[in-house]
K.L.:
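Dropping the structure in here first, questions after.
Everything numeric here is computed off the predicted structure, so don't read it as measured data. Note on naming: letters A, B, ... go to the chains in the order of the sequence lines (proteins, then strands), and numbering restarts at 1 for each one.
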2 protein chains.
Amino acid sequence: MCAFSATPISKILRQAGRRATPQRVLILETLCENGDHLNANEIYSLARRKAPCLSLSTVYRTIDVLKEVGVIEELHLSGECRRYEIKGEGHHHMICRGCGKVIEFKCPFSEGLIHDLGEKYDFEITGAHLDLRGYCAECRQKMSG
Amino acid sequence: MCAFSATPISKILRQAGRRATPQRVLILETLCENGDHLNANEIYSLARRKAPCLSLSTVYRTIDVLKEVGVIEELHLSGECRRYEIKGEGHHHMICRGCGKVIEFKCPFSEGLIHDLGEKYDFEITGAHLDLRGYCAECRQKMSG
DNA sequence: GTATGTGCAAAGGTTTTGCCCCAAC
DNA sequence: GTTGGGGCAAAACCTTTGCACATAC
């Protein structure tokens, strides 16, 4: 289920020279168990159910650490605040301009294309995000109806 | 030069039922003349050179209006705040993880692909953003050197 | 003339920071 | 025992809002 479960997070953290604290483990578990696309405040609220003393600043600091060790990734899905997801195989997002719903889809555009772009601009590409905006079926119906 | 110059902004605004105020024209000119990827505060500082009384809230409100009438577009290039650019032909961004430099490139991946994705997920796609992250030539040199 | 837009100041929400104590190593 | 990490509160930021006045139409 969790993308990181093959290597426990404690190990990943220690290998990166960071300490494996219960807060860090909890925050990552929270992201795993409650689905992706959570923002800092949502992670905070959910995690506090298990650890009522957790502070919001710890959530932010942990997010930084988890980003740094490459376990999670920051998303900018819509105009609002930052959201996070566990780093997995490249998938991308369709965001409905009507209701805000996010549909994930697997990377369909060729590795070759990205490789060519890297060559052309002398740029070593380490990640690709394709965001599509538009209207989902329900919103289109509402609008036409 | 400016993408909107074919139709003056005043006309676009009026056609959308909004008033064409000097502030709105100035803010769009500022984006045009100073290049894209500006954030609200940068637009504010630059525009105030010509109109010292301009307020930051007007910049934010104007950004909303210009987005609404489809003249500019919001970008989420990096972790920081929102940036804006004049809406033109679809181009995408390579963002250097080292120095933050942004390279623009034209949409090279097939319209067909996007069309197929829309069909598959029953989603009417109105816009596509491809963001590539990685390292530019200079940063790679610095890192290896 | 009227409704929409602006400036100002204040509020709101998100994210960061300083400081001191605590716990992972 | 050290050093990095956490909690708390305050600050810093970015963005939005309320209100009274101004101005585009």
Side-chain angles (χ1 to χ4, degrees), chain A residues 8-30 37-69 71-84 100, chain B residues 8-30 37-69 71-72 74-84:
Chain A
I9 180 62
S10 339
K11 199 172 172 184
I12 297 175
L13 285 167
R14 281 193 209 101
Q15 278 175 351
R18 322 302 301 263
R19 290 186 185 168
T21 68
Q23 290 91 336
R24 290 177 179 175
V25 175
L26 170 63
I27 286 167
L28 188 56
E29 275 175 8
T30 303
H37 308 162
L38 300 181
N39 63 29
N41 203 48
E42 288 163 351
I43 296 172
Y44 176 59
S45 308
L46 288 164
R48 268 168 77 95
R49 294 185 188 165
K50 292 191 183 167
C53 285
L54 183 72
S55 82
L56 183 56
S57 48
T58 297
V59 173
Y60 277 106
R61 284 191 275 227
T62 298
I63 285 170
D64 283 345
V65 172
L66 294 179
K67 272 198 293 184
E68 212 178 298
V69 302
V71 174
I72 64 170
E73 200 157 11
E74 191 172 296
L75 304 174
H76 302 274
L77 292 182
S78 53
E80 12 149 345
C81 57
R82 307 167 198 183
R83 297 186 165 274
Y84 302 90
Chain B
I9 180 63
S10 339
K11 199 171 171 184
I12 296 175
L13 285 166
R14 282 192 210 102
Q15 279 176 349
R18 322 301 303 263
R19 291 186 183 169
T21 68
Q23 290 92 333
R24 291 176 177 175
V25 174
L26 170 63
I27 286 167
L28 187 56
E29 275 175 8
T30 303
H37 307 162
L38 301 180
N39 63 28
N41 203 50
E42 287 163 352
I43 296 172
Y44 176 59
S45 308
L46 289 164
R48 267 168 77 94
R49 293 185 188 163
K50 292 189 183 169
C53 285
L54 183 72
S55 82
L56 183 56
S57 48
T58 297
V59 173
Y60 278 107
R61 284 191 276 227
T62 298
I63 285 170
D64 283 345
V65 172
L66 294 179
K67 273 199 292 184
E68 212 178 298
V69 301
V71 173
I72 66 171
E74 191 172 296
L75 304 175
H76 303 274
L77 294 182
S78 54
E80 12 147 345
C81 57
R82 307 169 198 180
R83 296 187 166 274
Y84 302 91

K.L.:
Give the minimum heavy-atom separation between B:H37 and B:E42, together with the two atoms involved.
P.N.:
O-OE1, 3.9 Å
K.L.:
From CD1 of A:I43 over to P of C:dT14, roughly how many Å is that when rounded to an integer?
P.N.:
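Atom-to-atom, A:I43 to C:dT14, this comes out as 13 Å.
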K.L.:
Where do A:V65 and A:R18 come nearest, in terms of heavy atoms and distance?
P.N.:
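That closest heavy-atom pairing would be CG2-NH2, 3.8 Å.
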K.L.:
Would you say A:Y60 places a side-chain N or O within less than 4.0 Å of OP1 or OP2 belonging to C:dT16?
P.N.:
no
K.L.:
Could you tell me how far apart A:Y84 (OH) and C:dT14 (P) are, to the nearest whole angstrom?
P.N.:
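Going from OH in A:Y84 over to P in C:dT14 covers 12 Å.
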K.L.:
Salt bridge between B:K67 and B:E74, side-chain N to carboxylate O under 4.0 Å?
P.N.:
yes
K.L.:
Can you tell me the distance, in whole Å, between the CG atom of B:D64 and the C1' atom of C:dT4?
P.N.:
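Taking CG of B:D64 and C1' of C:dT4, I get 15 Å after rounding.
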K.L.:
Checking side chain to side chain contact (heavy atoms under 4.5 Å, CB included) against A:L46, which of A:I27, A:N41, A:L38 comes through?
P.N.:
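Single side chain to side chain contact (heavy atoms under 4.5 Å, CB included) partner of A:L46 among A:I27, A:N41, A:L38: A:L38.
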K.L.:
Would you say that A:Y84 contacts A:I63 through its side chain, given a criterion of any heavy-atom pair below 4.5 Å between the two side chains?
P.N.:
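They are in side-chain contact.
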K.L.:
Whole angstroms only, please: what is the CZ-C1' distance between A:R82 and D:dT15?
P.N.:
13 Å
K.L.:
Do the side chain of B:T62 and the main chain of B:T58 share a donor and acceptor less than 3.5 angstrom apart?
P.N.:
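Side chain of B:T62 to backbone of B:T58: a pair is present.
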K.L.:
Closer than 3.5 angstrom, by distance alone: can the side chain of B:Q15 be matched with the main-chain N or O of B:I12 as a donor-acceptor pair?
P.N.:
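Absent.
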K.L.:
Could you check which residues of residues 50-59 of chain A get a heavy atom under 4.0 Å from DNA chain D? Sort them by number, please.
P.N.:
A:C53, A:L54, A:S55, A:S57, A:T58
K.L.:
Does the protein touch nucleotides 19-25 of chain C at the base, only the backbone, or not at all? Give it as B, S and - per nucleotide, heavy atoms under 4.0 Å.
P.N.:
----BBS
K.L.:
Take the protein atom CG of A:L13 and the nucleotide atom P of D:dT3, then report the distance between them rounded to whole Å.
P.N.:
21 Å
K.L.:
Once you build an axis from the first five pairs and another from the last five of the helix from C:dG1-D:dC25 to C:dC25-D:dG1, how far apart in angle are they, to 10 degrees?
P.N.:
40°
K.L.:
Determine the minimum heavy-atom distance between B:L13 and B:R19, stating which atoms define it.
P.N.:
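Here B:L13 and B:R19 meet closest at CD1-O, 3.9 Å.
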K.L.:
For B:R48 and C:dT6, what is the distance between atoms CZ and P respectively, to the nearest whole Å?
P.N.:
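The answer, rounded to whole Å, is 15 Å.
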K.L.:
Take atom OH of B:Y44 and atom C1' of D:dC13, then tell me their distance rounded to the nearest Å.
P.N.:
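Checked: the OH to C1' distance equals 15 Å.
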K.L.:
It should be established whether B:Q23 places a side-chain nitrogen or oxygen under 4.0 Å from OP1 or OP2 of nucleotide C:dG7.
P.N.:
yes
K.L.:
Atom CG of A:L38 and atom C1' of C:dT15: how far apart are they, to the nearest Å?
P.N.:
17 Å
K.L.:
Can you tell me if B:R48 uses its side chain to pair, donor with acceptor, with the backbone of B:L54 under 3.5 Å?
P.N.:
yes
K.L.:
Indicate the atoms forming the closest heavy-atom contact of B:A40 with B:V59, along with that distance.
P.N.:
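For B:A40 versus B:V59, the nearest heavy atoms are O-CG1, 3.7 Å.
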K.L.:
Identify the heavy atoms of A:T30 and A:A47 that sit nearest to each other, and give their distance.
P.N.:
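Scanning both residues, the minimum pair turns out to be OG1-CB, 3.6 Å.
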